[in-house]
2 protein chains.
Amino acid sequence: MTTEETARTGAEPQAEQEHDVFAQLCPSREMFAELADKWSLLILMSLSACGPQRFSELQRGVGGVSRKMLTQSLRNLERSGLVLRTVFPETPPRVVYDLRPLGRELAELVAPLGHWTERRARQMLAAREEFDAAHPEGSR
Amino acid sequence: MTTEETARTGAEPQAEQEHDVFAQLCPSREMFAELADKWSLLILMSLSACGPQRFSELQRGVGGVSRKMLTQSLRNLERSGLVLRTVFPETPPRVVYDLRPLGRELAELVAPLGHWTERRARQMLAAREEFDAAHPEGSR
DNA sequence: AGACCAGGTCTCTGATAGAGACCAAGCATG
DNA sequence: CATGCTTGGTCTCTATCAGAGACCTGGTCT
C-alpha cells in the first residue's frame with residue numbers, strides 16, 4: 001500500500017495526516033498548494049535552465065510575469081529554502097537569485113512537466129477544438 | 001542548445017514562439033498555465049493513484065476541493081483530452097472520471113512532484129521558520 | 001537640475017476561488 | 001400522499017487575489 005492509499009482508503013477520520021498532499025490539513029498539502037502555481041514553477045524552470053539570474057532577467061525570461069508576482073513568488077521560494085537571494089550593494093543595486101539544493105531537486109522534477117507541455121500542446125489544443133465542436137455551448 | 005535557450009537567449013523579438021512555455025503568447029504556455037494549478041494536479045494524481053473515480057469519490061479524495069472547482073478543473077482536463085468522463089444514466093446518476101493516455105502520461109510526471117513535496121515538507125517548513133525568525137517582519 | 005538605473009513597494013480595480021443555497025429524477029420511508 | 005434521501009452538478013454572493021501602473025530610493029551621468 002502506498003502513502004496515498006493508506007491515507008485515503010482507510011476510514012479513520014484522522015485529522016493530522018503527516019505526509020499526504022491529498023489531506024487538506026497536512027503540512028505537505030500546504031507546501032504543495034503554494035508551489036503548484038504557474039509562476040513558481042516557471043521561475044524554478046527558468047533558474048534551472050538558465051542558471052542564476054537577476055530580478056530583471058527573470059522578469060524578461062518568464063514572459064508575462066508582473067514585478068509583483070515575481071517578487072511574491074521569489075520571496076516564497078526563498079522562504080521555503082528553495083532559492084537563494086543575494087544582494088550586491090552596488091549602485092544601481094544588483095540582486096541575483098539562484099537555486100539551492102532543495103530547489104534544484106524540485107526543479108529537476110518540474111522541468112519534464114514543462115517539456116511535456118511543449119511537446120503535447122498541439123495535441124491538447126486539437127482535443128479542445130474537438131470538444132468545443134461536440135459541446136456547442138449550452139449543452140449539459 | 002535546448003529549447004528554452006534558443007528561444008530566450010536570442011535577441012529576435014519573435015512573437016509567435018511555437019514550443020516555449022516561457023513565452024507569454026505561446027500556445028504551450030496557455031496549456032501550461034491551466035494545468036499548473038493545485039486542483040488540476042491533485043486530480044491527476046488522484047486518478048493516477050486510485051484509478052477511475054466518480055465525482056463524489058474525487059471530492060472526498062482531494063481534500064478541500066469545492067464542487068465548483070472540481071467541476072471546473074475536470075471539465076478543463078476533459079476538454080484538453082486528458083480525462084474521460086462517462087455518464088451512467090441511472091438514478092441517482094453515476095459519473096465516472098478516468099485518465100486518457102495523454103492524461104496518464106502527464107500524471108506520471110506529476111506524481112513524483114507530489115511525493116517529493118511529502119518527503120521535503122518538513123524541511124521546507126523548517127526553512128520557513130528560520131527565514132521568518134531572521135526577517136522579523138518589517139525588514140526590507 | 002534633471003534623467004536614468006535596478007529592484008522593488010503601494011494602490012486601485014477586474015477576475016477568481018470558496019461557501020452555501022438550489023435543482024432534477026427517481027426511490028424509500030412514514 | 002408528502003417527505004426526504006441520493007448524485008452531480010449549477011447559481012449567487014462575497015472575500016480574496018492577480019495585474020496595471022504610479023511611486024520610491026539613492027547614486028551616477030549629462
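So you know, we letter chains A, B, ... as the sequences are listed, proteins then strands, and number each from 1.
Along DNA chain D, the nucleotide closest to T71(B) and the one closest to R54(B) are compared, and the more 5′ of them pairs with R54(B). Each of K68(A) and L74(B) was assigned the nucleotide of DNA chain D with the nearest heavy atom; the assignment lying further toward the 5' end belongs to L74(B).
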| request: Assess whether side-chain hydrogen bond (donor to acceptor under 3.5 Å, both in side chains) is satisfied between S46(B) and Q53(B), documenting all intermediate values. | output: CA-CA 9 Å; S46(B) 180; Q53(B) 285 162 84; 3.3 Å; yes

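Closest approach of R29(B) and V21(B) over heavy atoms only: NE-O, 2.7 Å.
The distance between atom CZ of F88(B) and atom C1' of dG9(D), rounded to the nearest whole Å, is 17 Å. Put simply, CD on E34(B) is 12 Å from P on dT16(C), counting in whole angstrom units. What separates CZ of R60(B) from C1' of dG8(D) is a distance of 13 Å, to the nearest Å.
Contact annotation: R85(A) side-chain N/O to dG8(C) OP1/OP2 distance is under 4.0 Å. Taking side-chain N and O atoms only, Y97(B) has a distance below 4.0 Å to OP1 or OP2 of dG9(D). In terms of phosphate contacts, W39(A) brings no side-chain nitrogen or oxygen within less than 4.0 Å of OP1 or OP2 of dA18(D).
Using a 4.5 Å heavy-atom cutoff, the side chains of V83(B) and L99(B) are in contact.
Ion pair R100(A)/E105(A) not flagged as a salt bridge, since none of the NZ, NE, NH1 or NH2 atoms sits closer than 4.0 Å to an Asp/Glu carboxylate oxygen.
Counting non-hydrogen atoms under 4.0 angstrom, E90(B) reaches nothing in the nucleic acid.
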